[in-house]
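Naming: A, B, ... by sequence-line order, numbering from 1 per chain. Basis for what follows: all heavy atoms, side chains included, without hydrogens, waters or symmetry-related copies.
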Protein chains: 2
Amino acid sequence: MPAYDHPDPATFELTSVLRALADPARLDIVRHLGRVGEANCATLVGTRPKSSMSHHFQVLRDSGVLRTRIEGVQHRNSLRREELDMRFPGLLAAILNAP
Amino acid sequence: MPAYDHPDPATFELTSVLRALADPARLDIVRHLGRVGEANCATLVGTRPKSSMSHHFQVLRDSGVLRTRIEGVQHRNSLRREELDMRFPGLLAAILNAP
DNA sequence: TGCCTTGTTCGATTATTGTCGAACATTATG
DNA sequence: CATAATGTTCGACAATAATCGAACAAGGCA
């Protein structure tokens, strides 16, 4: 599989990022990644079907929140911390620290 | 026009706040209020109809982002800065500073 | 090769949200 | 009281987004 397309930080859109974060399932993903650093999809799939999760990962990826690195058969996801913070300083920290 | 109900900061929900902010029209409202402090609805209505704006104000109010004070026939809106910052430190600042 | 694992894509359905006109309520003000 | 100004509410419709099973693709391994 070809690698994913990840948007350039200069093109991150605030509304897209906020929409991506404004969903419970995706917020769970983001917070989990905030704790563990990197995780493949299977690790993050809870009770929801894979196809739903795949969709959520795509939304997060397309908005710039996370990056997906392919290693063998696994897709490893991690937050794009530096890039997000460059474009929207303090935003991700506020999300990760929120109750 | 009984006064509006404004949620208690302890009950603010992150996903609700993010959903409220994740809309272009509402983001415009929030940023405008960030600059001018307080404004009534008419001041903030651009090209959109009043009924649409009224809806957006309600979403922002219900999530805790802004408060509406009634003065005569006008409804004056302002950000709930301190309360938001108490519950989600840095979040509003990140939004207002974002490009 | 055959099979298992990991995850995507497709398509259909459902659910949630946004949009906006029309009618209404309230507060001035002439 | 009649009228204007400011917003809300209602209802219908449109647009957007989430859900999820089934079929598919690719890599790793026996």
Side-chain angles (χ1 to χ4, degrees), chain A residues 1-7 13-33 36 38-78, chain B residues 1-7 13-33 36 38-78:
Chain A
M1 30 223 63
Y4 290 100
D5 265 357
H6 294 99
E13 298 250 9
L14 183 56
T15 54
S16 304
V17 171
L18 292 175
R19 259 207 322 276
L21 296 171
D23 176 276
R26 294 195 289 262
L27 203 48
D28 283 348
I29 292 173
V30 168
R31 295 176 125 146
H32 185 89
L33 290 179
V36 306
E38 194 180 54
N40 61 2
C41 298
T43 308
L44 289 155
V45 165
T47 134
R48 303 168 213 264
K50 294 184 301 177
S51 50
S52 297
M53 287 312 241
S54 188
H55 164 68
H56 289 310
F57 279 109
Q58 184 182 340
V59 172
L60 288 167
R61 202 161 40 231
D62 290 350
S63 67
V65 173
L66 59 76
R67 105 188 76 232
T68 307
R69 179 170 69 82
I70 299 181
E71 186 143 326
V73 77
Q74 299 188 3
H75 297 200
R76 305 265 176 81
N77 304 281
S78 55
Chain B
M1 5 344 45
Y4 289 100
D5 265 357
H6 293 99
E13 298 249 10
L14 183 57
T15 53
S16 304
V17 171
L18 292 174
R19 260 208 322 276
L21 296 170
D23 176 276
R26 293 195 289 262
L27 204 47
D28 282 349
I29 292 174
V30 168
R31 296 177 125 145
H32 185 89
L33 290 179
V36 306
E38 194 179 54
N40 61 3
C41 300
T43 309
L44 288 154
V45 165
T47 135
R48 304 167 213 264
K50 293 183 302 175
S51 49
S52 297
M53 287 313 240
S54 187
H55 164 68
H56 289 310
F57 279 110
Q58 184 182 340
V59 172
L60 289 167
R61 201 160 41 231
D62 291 349
S63 66
V65 173
L66 59 76
R67 105 188 75 232
T68 307
R69 180 171 69 83
I70 300 182
E71 186 144 327
V73 77
Q74 299 189 2
H75 296 200
R76 304 265 176 80
N77 304 282
S78 55

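Remark: side-chain polar atoms of A/Arg48 are not paired, donor with acceptor, to backbone N or O of A/Met53 under 3.5 angstrom. Without hydrogens or angle criteria, B/Asn77 side chain to B/Thr68 main chain gives no donor-acceptor distance under 3.5 Å.
Contact check, B/Arg76 against D/dT6: no side-chain N or O comes under 4.0 Å of OP1 or OP2. One finds no side-chain N or O of A/Asn40 lying less than 4.0 angstrom from the OP1 or OP2 phosphate oxygen of C/dT6. At D/dT6, none of the side-chain N or O atoms of B/His75 fall inside 4.0 Å of OP1 or OP2 (strictly under the cut-off). Residue B/Ser51 places no side-chain N or O under 4.0 Å from the OP1 or OP2 atom of C/dC20. One finds a side-chain N or O of B/His56 lying less than 4.0 angstrom from the OP1 or OP2 phosphate oxygen of C/dT19. Side-chain nitrogen and oxygen atoms of A/Arg48 include none within less than 4.0 Å of the OP1 or OP2 phosphate oxygen of D/dC20.
Regarding A/Lys50, its NZ atom lies at a distance of 12 Å from the C1' atom of C/dT9, rounded to whole Å. Taking atom NE2 on B/His55 and atom C1' on D/dC13, their separation rounds to 14 Å, with Å as the unit. In this structure, CD1 of B/Ile70 is placed 11 Å from P of C/dA28, rounded to the nearest angstrom. For A/Asn77 and C/dG7, the CG to P distance is 8 Å, given to the nearest whole Å. With rounding to whole Å, B/Arg19 atom CZ is found 18 Å from D/dT16 atom P. Rounded to whole Å, the distance from CG on A/Leu27 to C1' on D/dA18 is 16 Å. Between A/Arg69 atom CZ and D/dG27 atom C1' there is a gap of 16 Å when expressed in whole angstrom units. If you measure from atom CD of A/Gln58 to atom C1' of D/dA18, you get 13 Å, rounded to the nearest angstrom.
Here the nucleotide nearest the side chain of A/Gln74, chosen from C/dT6, C/dT8, D/dT8, is C/dT6. With distances taken from any side-chain atom of B/Val73 to the nucleotides C/dT27, D/dT8, C/dT8, the minimum falls on C/dT27. Residue B/Ala42 places its side chain closer to D/dG7 than to any other of C/dT8, D/dG7, D/dA17. In this structure, of C/dT9, C/dT17, D/dG21, it is D/dG21 that holds the atom nearest to the side chain of A/Pro49. Of the candidate nucleotides C/dG7, D/dT8, D/dA5, C/dG7 has the atom lying nearest to any side-chain atom of A/Tyr4. If you check C/dG21, D/dA18, C/dT27 against the side chain of A/Val59, the one that comes closest is D/dA18.
A side-chain hydrogen bond (donor to acceptor under 3.5 Å, both in side chains) with B/Asn40 is found for exactly one of B/Glu71, B/Arg69, B/Gln74, B/Arg76, namely B/Gln74.
Taking the side chain as every heavy atom from C-beta outward, A/His56 and A/Leu44 never approach each other to under 4.5 Å.
Ring centers of B/Tyr4 and B/His75: under 6.0 Å apart, within the cut-off.
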